[in-house]
Amino acid sequence: MNVEVNNTKLNTWIKEVSDLCQPDSVYVCNGSKDEYDQMIKTLLDSGIAMPLDKRPNSYLFRSDPSDVARVEDRTYISTTSQDEAGPTNNWMAPNELKAIMKDLYKGCMKGRTLYVIPFSMGPIGSPISKIGVEISDSPYVVINMHMMTRVSDRVLELLGTDGDFIPCLHSIGAPLAEGQEDSKWPCAPIDKKYISHFPEENLIWSYGSGYGGNALLGKKCLALRIASAMARREGWMAEHMLILRLTNPEGKQYHIAAAFPSACGKTNLAMMQPSIPGWKCECVGDDIAWMKIGPDGRLYAINPEAGFFGVAPGTSYETNPMAMDSIRENALFTNCALTDSNEVWWEGMDGDPPAHAIDWKGNDWTPASSTDAAHPNARFTARASQCPVICEDWEKPEGVPIDIFIFGGRRSTVVPLVQEAFNWDHGVFLGSTAASETTAANIGSVGNLRRDPFAMTPFCGYNMGDYFKHWLDMGDKLGDKAPRMFYVNWFRKSEDGKFLWPGFSDNSRVLKWMCERVDGKVETQETPIGLLPKEGDLDVDGLEVSKEDFQELFKIDTDAWKTEIPDIEKHFSKFGDRLPERLKKQLDEFRKRLD
Ligand code: OXD
Ligand code: MN
């Protein structure tokens, strides 16, 4: 071990894991630039990292084709009783799961270094922050954790001899025999991958994958699955939400937290630059919000992460210039294509496709190829501090006060551009019944409709019926200080399959209307599904959307909504007696309003 560790729990854990996994050496990370540079050098020497000519200090990585996204089927919430994990999570009893995984962990780090990565989710030392320590045998994980979390020896200092932390054990599950040559992206086969959470003891065990949320354990595993369970116990909220600050021309600030399923444009909205004059948008976070009620009774949010792990395809100067500027240097790219001029490329990037590139699998690619050059879930990693519109208060320990919650998903039909909830319970009903067409962020089929309550289906660390109840309880505590709730759908299409709404910077028009609602400046029209903007209230100055398209965007087809009811009933029935009565009442009222 390169340094002495004074924390008793950490020392014992490192010893236990080393005995089990049998690495060649143990290295304790300090988060320094030297350490980062050293890791990059090792990855370059072994040909795993590919330097990019046009982006200083930036590198491309290619994963194994079997290891390209989160593996929800192999993700477990392991609680003593299955009921605690609930119907939306895979479950196995802790002793059973641990026995299987211990067998896999036995000797799994042979020929490799065990890295100890002390990190803070949230500013180091903030009362809202949580300390985790990831043990991993992947240098790629170390460099990504450097960007996505606060890795520092100050975390160890803060822990002292007896401070507590969340242990996050990770192995790629590919031991090396004596003299065996390593592959470029070692990992275990799919049926040996396990992403396991033990919320009753705040513990994470991940095995077999080196990709994103499966391996960077501060993100989905700690900051959502474990944190959501802690948040319920402790009376706060851990949500799959971006956080942004919108400032109106008079200088008034509004803070918005929005939940959309993976790959539905959270990063784009978080960094959106308004198309309406005088309005300003700044990014606080693009994926996760931790929220607590402050001394004034309002709900305050922090972004526990320190970086962005964004979906690359579709990101361009047109769709998200601020993300493009965040990744000009010091960025990592995974599963993007590599052009002949040593630059990354992906579908949807500005300009023409390159005449020739090497695709994400390492094969020759031309625009005539029948496959994508970049994997649809190809990613960039960059520090949040590199974002030109990062909010000056993004690291404020007490967070920013939330005025507005937005829920939504990707729906090509039925759901209008925007609606406001009648009240908190109705907002929870909208969040709990949110549905979206599936994307490439998870391994599995793309484009199917799935109910994804609060965009938390893959990330809720306990029974989702109890999670709905927690939302209702938080509303009761917040009372008249509760944020207003809205539901949006940027993705509605016309019958001939084209998007009806331009989206991106024009989404500011919808946010402006929400702010005006908060200020009581505009009225609404009441419909069976919620409160819609009155004609003329949505600012469409300079926007080229035809009258017909506009009508279609807001059309409420009662018959189509009626066909949603059985699906909502089926969805709710999964939660049995854990479904709060107040949501059953919401469904009854919805049914009546449609009649
Ligand atoms: C993500 C995801 O990486 O939701 O943020 O998949
Ligand atoms: Mn996400």
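In listed order, ligands and their atoms are each counted from 1. If you read the sequence from its start, that first residue is 1, and numbering goes on from there. For the numbers below, each heavy atom of this structure counts, side chains included, while hydrogens, waters and symmetry mates do not.
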Got a salt bridge between Arg232 and Asp466, using NZ or NE/NH1/NH2 to carboxylate O under 4.0 Å?
yes
Tally every protein N/O/S atom whose distance to the Mn ion (ligand 2) is less than 2.8 Å; waters are neither shown nor counted.
3
Partner residues of Thr267 under the side-chain hydrogen bond (donor to acceptor under 3.5 Å, both in side chains) criterion, sequence neighbours left out:
Asp286
Tyr207 ring center near Tyr105 ring center (under 6.0 Å)
yes
Salt bridge (charged side-chain N to carboxylate O under 4.0 Å, His left out) with Arg410: which residues, sequence neighbours excluded?
none
So if I count the atoms of ligand 1 from 1 in the order they appear, which ones are less than 4.0 Å from some heavy atom of Lys220?
1 (C), 2 (C), 3 (O), 4 (O), 5 (O)
Any atoms of ligand 1 less than 4.0 Å from a non-hydrogen atom of Asp287? List them with their elements.
5 (O)
Atoms in ligand 1 with a heavy atom of Phe459 nearer than 4.0 Å
4 (O)
Heavy-atom contacts with His240 under 4.0 Å: which atoms of ligand 1 show up? List them by number with element.
4 (O)
Would you call the rings of Trp471 and Phe454 parallel, tilted or perpendicular, taking 30° and 60° as the class edges?
parallel
For Ser262, the atoms of ligand 1 under 4.0 Å from one of its heavy atoms are 2 (C), 4 (O), 6 (O)
Atoms of ligand 1, numbered as shown, that sit under 4.0 Å from any heavy atom of Arg379:
1 (C), 2 (C), 3 (O), 6 (O)
Under the rule for salt bridge (charged side-chain N to carboxylate O under 4.0 Å, His left out), what residues qualify as partners of Lys219, not counting sequence neighbours?
Asp287, Glu305
What distance separates Asp372 CG from Glu347 CD, expressed to the nearest 0.5 Å?
4.0 Å
May I ask you to decide whether Lys193 forms a salt bridge with Glu72, counting only side-chain N to carboxylate O separations under 4.0 Å?
no
With the threshold set at 4.0 Å, does a side-chain nitrogen-carboxylate oxygen contact exist between Glu343 and Arg55?
yes
Counting both backbone and side chain atoms, is some N or O of Lys219 under 3.5 Å from an N or O of ligand 1?
no
